[in-house]
J.: 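Sharing a structure here in structure tokens format.
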Amino acid sequence: SSLGDNSNLLSPKQHELVKMLLDNGQDHLFRDWPGPGVDDDEKKAFFDQLVLLDSSYPGGLEAYINNARKLLADSKAGNNPFDGFTPSVPTGETLTFGDENFIKFEETGVREARRAAFVLVAGGLGERLGYNGIKVALPAETTTGTRFLQHYIESILALQEASSEGESETQIPFVIMTSDDTHGRTLELLKSNSYFGMHPTQVTLLKQEKVACLEDNDARLALDPQNRYRIQTKPHGHGDVHSLLHSSGILKVWHNAGLKWVLFFQDTNGLLFKAIPSALGVSSTKQYHVNSLAVPRKAKEAIGGITRLTHSDGRSMVINVEYNQLDPLLRASGYPDGDVNSETGYSPFPGNINQLILELGPYIEELAKTGGAIQEFVNPKYKDASKTSFKSSTRLECMMQDYPKTLPPSARVGFTVMETWFAYAPVKNNAEDAAKVPKGNPYHSATSGEMAIYRANSLILKKAGFQVADPVLQAFNGQEVEVWPRITWKPKWGLTFSLIKSKVSGNCSISQRSTLAIKGKKIFIENLSVDGALIIDAVDDTEVTVGGSVQNNGWTLEPVDFKDASEPEVLRIRGFKFNKVEQVEAKYSEPGKFHFKA
Ligand code: UGB
């Protein structure tokens, strides 16, 4: 064959791989290759790609092909992955922001953060959002322009500092999973911003590789339509994070350093860190090996449902059922209406927000057995009902929240339900799709994501004793949202509810049209009324007490049409911008103790 003539291009390792492929029905990959001397560099690049695909999958390419054949056969046969399982609504811990229980969990969580590591999965391109850049570079809100990644890092640093109080200085490790789509730009964003204040050695980037596409039910690997010397690849999903953490060896390093918790989170949730201290407190108090964060879920919302699955053989587990699988599962198991709201107006199944807290010890033990492999699935789009050919190539995928599926029944798997307003506001949908979301369901757009931050901060200050004006309803990019006063603060100012309460006193109020940005750490708000815009900025060593009455024209909100190409994309996707007409600025760059009276 033409490959035979080309085989002197191969290293011994590549030789073995090619033999395995030929033994596994993949000879089409080398069909009609020209003889040696033609396209040799491209052929070598092809073999290099094979080695990469082989080394980045637990068990190698052979395992990938075998797993694919099995899953494709199941899919063709219409086998139900939940066969034998009956779904029911599980019970978990429910947290109410600011109550006694919550405050107790927050205290515990802050203490435990000394022994925590954080893992951000940020390899996804965010196709639903259709934004040109990487999602973690987007501003979470445009009052201060703080980017998601910056906010995450500042939150981790605030936790680090709070949990070190009275103890030796600690550095919380931070891993970011990237992919070829996001790696370069993530690294660049960190470097050009001095890692947003984090020590560069604290941050580890782990890049996930894509997996080979499959062109038919025999799991023949698909060649790139543009290049016969490349296998077409697609993302394998966020579940890769487990095998990457395992193979990098970093978990052992953490274990040896005495760490106990690994917290996983996603790329665009500007509220998450308001829920992290208490959720970690729950993990620690309840000794959960796995704790998933959840919020009340609207039927058909694109978030998975946390479900108890009980098998006819007695096995039972609490696990995420992905949003596209929940409806068919329910219909097949005695709920003829499928995924619908109950009389509460919500789905009876809590919504998975994919923020997981794992206890490190049991996690390492489990990965030692599985190598980090996560149960996969395949989702081919068939040409017709015969299910013999695909409309386009497919691939295996896996999800990080499926980690508990291989755990023994003795594992302590729990979940914690938070109120949505302080825990979950992702930025996933583009303006057009968000505008089409059924009324009453969340938009999950840049518009709603930003407005949710102002709403949460307003509600929290209200709980802390502030008089906060009611919101007005306004539509941006076809989405009606509550517009609250634009209140923002740095994580180091308001890491926990107790901390926030300790910084607000007397008679304080803010009007709906106002902006209040707290950019320092030791800023005490006392007898302050804001009607307009107030920006307080102070270096960490400085203590400022702010009071008096702020009255100015403030920052007005102006609509931006998402189709208006003259506006920057980050503004277009949210549908508004601020016109900074007038503001009061209190700025302190020297250490000391100050009083600011407006
Ligand atoms: N991601 C990767 O890092 N690598 C990949 O290959 C793919 C994604 P999406 P999805 O909480 O709102 C999830 O696309 O997958 C990262 C849960 O499965 O935003 O549709 C990516 O960068 C679902 O149960 O979400 O749905 C991002 O940070 C529900 O909980 C993250 O993975 C839903 O999120 C999620 O990717 C939710």
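What you see is a predicted model; the values in this text were computed from it and never measured. Both counts, for ligands and for their atoms, begin at 1 and track the order of listing.
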J.: Tell me, which protein residue and heavy-atom name are nearest atom 8 (C) of ligand 1, and how many Å apart are they?
T.: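 Its nearest protein heavy-atom neighbour is His238 CD2, 3.7 Å.
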J.: Looking at ligand 1, would Phe265 count as a contact under a 4.0 Å heavy-atom criterion?
T.: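 Not so, Phe265 does not reach ligand 1.
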J.: So which heavy atom in the protein is nearest atom 33 (C) of ligand 1, and how far is it from that ligand atom?
T.: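 I find the closest protein heavy atom is Lys428 NZ, 3.4 Å.
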J.: Hey, does Asp267 come in under 3.5 Å of ligand 1, counting only N/O atoms on both sides?
T.: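 Between Asp267 and ligand 1, an N or O pair is found under 3.5 Å apart.
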J.: Between Asn430 and Asp433, is any side-chain donor less than 3.5 angstrom from a side-chain acceptor?
T.: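 The answer is yes; a qualifying pair exists.
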J.: Kindly confirm or rule out an N or O of Gly124 lying under 3.5 angstrom from an N or O of ligand 1.
T.: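 Yes, since at least one N or O of Gly124 sits under 3.5 Å from an N or O of ligand 1.
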J.: Using a plain distance cutoff, I'd like to know if Pro426 has any nitrogen or oxygen under 3.5 Å from a nitrogen or oxygen of ligand 1.
T.: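 No, no N or O pair falls under 3.5 Å.
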J.: Verify the distance criterion only: is there a donor paired with an acceptor across the side chains of Asn477 and Tyr443 at less than 3.5 Å?
T.: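 No, no side-chain donor-acceptor contact under 3.5 Å.
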J.: Is Tyr424 close to ligand 1, meaning an N/O of one under 3.5 Å from an N/O of the other?
T.: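 Yes - when backbone and side-chain N and O of Tyr424 are compared with those of ligand 1, one distance drops under 3.5 Å.
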J.: Minimum heavy-atom separation for Pro296 and Glu301, please, with both atom names.
T.: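 So the two residues come closest at O-OE1, 4.5 Å.
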J.: Test: salt bridge (charged side-chain N to carboxylate O under 4.0 Å, His left out). Region: residues 118-142. Which pairs qualify, not counting sequence neighbours?
T.: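 For residues 118-142: Lys135-Asp267.
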J.: Please check atom 6 (O) of ligand 1 for a protein heavy-atom neighbour under 4.0 Å.
T.: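 Under 4.0 Å from atom 6 (O) of ligand 1, at least one protein heavy atom found.
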J.: Pick one of side chain, backbone, both or neither for how Glu322 approaches ligand 1, counting any non-hydrogen atom pair under 4.0 Å.
T.: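 Contact part for Glu322 vs ligand 1: side chain (C-beta onward).
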J.: Hey, would you say the Tyr403 and Tyr363 ring centroids sit under 6.0 Å apart?
T.: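 They qualify: ring centres under 6.0 Å apart.
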J.: Do the side chains of Phe497 and Ser278 get nearer than 4.5 Å, heavy atoms only?
T.: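 The answer is no; the side chains never approach within 4.5 Å.
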J.: Verify the distance criterion only: is there a donor paired with an acceptor across the side chains of Tyr454 and Thr143 at less than 3.5 Å?
T.: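 The answer is yes; a qualifying pair exists.
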J.: Heavy-atom distance to atom 28 (O) of ligand 1: which of Ile176, Asp402, Val121, Thr268 wins?
T.: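 Minimum heavy-atom distance to atom 28 (O) of ligand 1 goes to Val121.
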J.: Pick one of side chain, backbone, both or neither for how Asn320 approaches ligand 1, counting any non-hydrogen atom pair under 4.0 Å.
T.: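 The answer is the side chain.
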J.: Under a plain distance cut-off of 3.5 Å, with no hydrogens placed, do Asn457 and Lys274 share a side-chain donor-acceptor pair?
T.: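 The criterion, which ignores hydrogens and geometry beyond distance, is satisfied for Asn457 and Lys274.
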J.: What's the shortest heavy-atom distance between Ala446 and Ile573, and which atoms?
T.: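 That would be CB-O, 3.6 Å.
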J.: Does an N or O from Met177, backbone or side chain, lie closer than 3.5 Å to an N or O of ligand 1?
T.: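 N/O-N/O distance under 3.5 Å: no.
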J.: Under 4.0 Å from ligand 1, counting heavy atoms only, is it the side chain of Gln208, its backbone, both or neither?
T.: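 Side chain only; the backbone of Gln208 stays clear of ligand 1.
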J.: Any non-hydrogen atom of Ala122 lying under 4.0 Å from ligand 1?
T.: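 Flag set, Ala122 near ligand 1.
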J.: Tell me whether the rings of Phe264 and His242 are parallel (<30°), tilted (30 to 60°) or perpendicular (>60°).
T.: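 Phe264 vs His242 ring planes: tilted.
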J.: Does ligand 1 have any atom sitting under 4.0 Å from a heavy atom of Arg128?
T.: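 It does; at least one heavy atom falls under 4.0 Å.
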J.: Between Phe97 and Phe102, what is the ring plane arrangement, given parallel below 30°, perpendicular above 60°, and tilted in between?
T.: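 Phe97 vs Phe102 ring planes: tilted.
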J.: How far is atom 3 (O) of ligand 1 from the closest protein heavy atom, and which atom is that?
T.: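 The protein heavy atom lying closest is Gly123 N, 2.8 Å.
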J.: Which residue supplies the protein heavy atom nearest to atom 35 (C) of ligand 1, what is that atom called, and how far is it?
T.: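 For atom 35 (C) of ligand 1, the nearest protein heavy atom is Gln266 OE1, 3.3 Å.
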